[in-house]
Novice: 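After the structure tokens below, expect a handful of questions from me.
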Number of protein chains: 2
Amino acid sequence: MSVEFAKVLMEPAYRKVATAIGARILSRALREGERLPPETELARQFGVNRSTVREALRELESRGLLQRRPGSKLMSVSRPPQAAIAQGVRHALLLHDVSVRDVWEALTMLEPPLAQIAARVRTTADLECIRAAAQAFAAHNAVTGQAVQHTAEVFRCIGRATHNPVLGLAQEPLLQLLEPSLRVMIDQVPQARARIATAHRRLVEALEAQDEAAAHSWMGRHIKDFSRGYQLAGIGLETHVTADADTP
Amino acid sequence: MSVEFAKVLMEPAYRKVATAIGARILSRALREGERLPPETELARQFGVNRSTVREALRELESRGLLQRRPGSKLMSVSRPPQAAIAQGVRHALLLHDVSVRDVWEALTMLEPPLAQIAARVRTTADLECIRAAAQAFAAHNAVTGQAVQHTAEVFRCIGRATHNPVLGLAQEPLLQLLEPSLRVMIDQVPQARARIATAHRRLVEALEAQDEAAAHSWMGRHIKDFSRGYQLAGIGLETHVTADADTP
DNA sequence: GGTTGCCGGTTTGTCCGACAATCATACGAT
DNA sequence: ATCGTATGATTGTCGGACAAACCGGCAACC
């Protein structure tokens with residue numbers, strides 16, 4: 001027997017309330033879209049003050065488990081939208097001082113097999129989405145900001161085409177983190193736009209033909225091209241990724 | 001010109017306060033470990049009530065940007081710990097009804113190159129950590145829960161050995177999601193423990209020798225073995241991953 | 001008929017004030 | 001020197017309060 005005592009844990013009430021509601025959501029007792037009772041009612045049920053309930057709601061809200069539907073005052077249950085989660089991951093990685101190399105390395109690992117899977121399981125609608133995004137890049141890449149956005153959008157469409165939410169959620173923060181440096185790179189390397197457009201064309205062709213090997217290969221080159229672009233733009237791979245505007 | 005008006009956005013005060021403090025943290029104006037002023041002081045500075053400040057703090061706290069250091073009442077700035085972020089991602093994926101296949105597919109893509117990188121850049125300390133984890137699995141795998149924990153721990157050590165926070169953060173939620181099904185699998189497939197132990201041995205050998213190809217290959221087999229285990233255990237790959245206890 | 005204006009009830013956002021519990025610190029007693 | 005205590009600061013929680021926004025319905029009006 002140990003003479004050590006377990007650390008007594010005093011959980012504040014607002015946290016208990018938050019975990020209680022959160023557990024209900026996670027266990028599907030509260031289903032997606034369902035509306036929560038008003039705050040006063042929750043306060044009555046939990047036997048705490050409304051202020052306490054509100055603190056709990058803020059916590060769940062920031063995790064994306066609750067959101068307020070436009071035009072409704074009552075909170076409703078929601079599956080956390082990808083954007084919310086990705087932002088959390090992005091902030092975490094920002095504060096952990098990840099370098100451009102770290103993000104790029106992850107993309108190198110992630111994207112080619114992702115494209116390969118997309119080539120296998122994509123639907124016609126997916127293909128149309130990807131084609132539209134590539135088209136958008138080709139047509140409107142004069143403004144650097146738009147070029148970056150469309151580049152990311154192509155990745156997102158390909159991610160969705162895998163029909164695997166895990167992959168989409170994994171790549172989203174990486175895209176967001178790379179955005180600022182990508183902006184600089186596209187801005188400073190003249191041939192970047194053309195090379196990206198070419199990669200898009202090849203990728204679309206491979207996805208059309210459901211040619212897994214080609215999709216894998218071209219995505220690999222696409223990502224690898226980024227590192228060359230960084231070199232040309234004078235962006236060191238050890239540069240820490242920087243915070244970007246949160247509300248573009 | 002369109003006659004449409006932009007949707008007027010009414011941001012509540014607690015959100016403004018939260019984003020204000022959050023921006024300071026992200027911009028490094030508030031550095032890691034730094035302590036925030038007391039709530040009353042914050043309320044005075046922002047010109048709002050303390051209750052409002054508290055709601056904002058709950059939000060930042062749940063994102064891991066703030067935490068209370070044990071024994072201190074004042075909030076202090078913190079980089080979000082991996083566990084917190086991973087839990088957020090896990091909850092999101094749970095609510096998005098990801099299947100075992102989805103998670104396994106992501107691991108298939110992620111882990112082999114991850115092991116490869118680890119083989120390249122691992123330090124002696126990393127190796128020691130991995131070896132210890134594998135050793136722990138070999139020695140204490142009788143209880144299913146421990147076996148699962150140690151299996152995950154080996155992955156985590158290998159992830160850390162890449163010295164790329166992005167990869168560690170990417171794999172953590174996957175490990176957590178796989179845990180419940182892995183528990184069932186290890187429990188029901190007699191030869192699972194031995195096969196995992198073998199994989200660990202091979203991986204340690206490859207990492208010792210810094211043999212990238214072998215590390216990649218053995219990790220691939222290790223992951224692939226999981227799917228065979230699922231088959232033997234009668235776990236359909238289309239099964240949705242289930243919520244697990246949050247506080248093990 | 002469709003639009004407009006008004007009314008009452010509900011709910012949130014925000015504020016105020018209050019108090020117990022906890023912790024830090026200093027100070028005094030043994 | 002160790003212990004106990006007073007004191008102040010800070011959080012957790014509470015109760016109540018009020019304005020603003022929103023909803024539904026109903027009357028009035030073109």
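Letters go in sequence order (proteins before strands), and every chain restarts at 1. The structure presented is a predicted model; accordingly, all values stated were derived computationally and were not measured.
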Novice: Give the rounded distance in Å between these two atoms: CG of Leu57(B) and C1' of dT13(D).
Specialist: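 Between C1' of dT13(D) and CG of Leu57(B): 15 Å.
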Novice: So which of residues 29-45 of chain A are in contact with DNA chain C, with a heavy-atom cut-off of under 4.0 Å?
Specialist: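 Output list: Pro38(A), Glu39(A).
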Novice: Could Glu153(A) and Arg156(A) be called an ion pair, given the rule that one side-chain N must be under 4.0 Å from one carboxylate O?
Specialist: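 Judged by the 4.0 Å cut-off on N to carboxylate O distance, Glu153(A) and Arg156(A) do form a salt bridge.
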Novice: Between Glu59(B) and Arg63(A), does any NZ, NE, NH1 or NH2 come within less than 4.0 Å of an OD or OE carboxylate oxygen?
Specialist: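 Looking at Arg63(A) and Glu59(B), the cut-off is not met.
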Novice: May I ask you to test the Arg160(A)-Cys129(A) pair for a side-chain heavy-atom distance under 4.5 Å?
Specialist: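 Yes - at least one pair of side-chain heavy atoms lies under 4.5 Å apart.
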Novice: If you define the side chain from C-beta out and look only at heavy atoms, does anything of Arg54(A) sit under 4.5 Å from Glu39(A)?
Specialist: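 The answer is yes, as the side chains (C-beta and beyond) meet within the 4.5 Å cut-off.
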Novice: Are His163(B) and Asp102(A) linked by a side-chain donor-acceptor pair shorter than 3.5 Å?
Specialist: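 Asp102(A) and His163(B) do not have a side-chain donor-acceptor pair below 3.5 Å.
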Novice: With no hydrogens and no angle check, is any side-chain donor or acceptor of Trp104(B) less than 3.5 Å from a backbone partner on Ile223(B)?
Specialist: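 Such a contact is found between Trp104(B) side chain and Ile223(B) backbone.
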Novice: For Ser62(B) and Ser62(A), does a side-chain donor sit closer than 3.5 Å to a side-chain acceptor?
Specialist: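 Ser62(B) vs Ser62(A): donor-acceptor pair found between side chains.
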Novice: Could you give the CD-to-C1' distance, from Glu55(A) to dC14(D), as a whole number of Å?
Specialist: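 Atom-to-atom, Glu55(A) to dC14(D), this comes out as 11 Å.
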Novice: How do Arg50(A) and Ser51(B) order along DNA chain D: which one's closest nucleotide is nearer the 5' end?
Specialist: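 Final value for this comparison: Ser51(B).
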Novice: Write down the distance between NZ (Lys16(A)) and C1' (dT13(D)), rounded to a whole number of angstrom.
Specialist: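 My rounded result for the distance is 13 Å.
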Novice: Taking any heavy-atom pair under 4.0 Å as a contact, classify Arg15(B): base, sugar-phosphate, or nothing.
Specialist: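 It contacts nothing in the nucleic acid.
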Novice: Quick one: does Arg54(B) reach the base of dT10(D) with a side-chain donor-acceptor pair under 3.5 Å?
Specialist: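 Answer is no: no donor-acceptor pair is held.
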Novice: With a strict under 4.0 Å distance from non-hydrogen atoms of chain B, what nucleotide opens and what nucleotide closes the contacted stretch of DNA chain C, reading 5' to 3'?
Specialist: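 Contact boundaries, 5' end first: dG13(C) to dA24(C).
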Novice: Rounded to whole Å, how long is the line connecting atom CG of Leu74(B) with atom C1' of dT10(D)?
Specialist: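 One finds 7 Å between C1' of dT10(D) and CG of Leu74(B), rounded.
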Novice: Residues two or more places apart in sequence or in another chain: which of them pass ring-ring contact (aromatic ring centres under 6.0 Å, His included) with Tyr14(B)?
Specialist: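 Partners of Tyr14(B) under the ring-ring contact (aromatic ring centres under 6.0 Å, His included) test: none.
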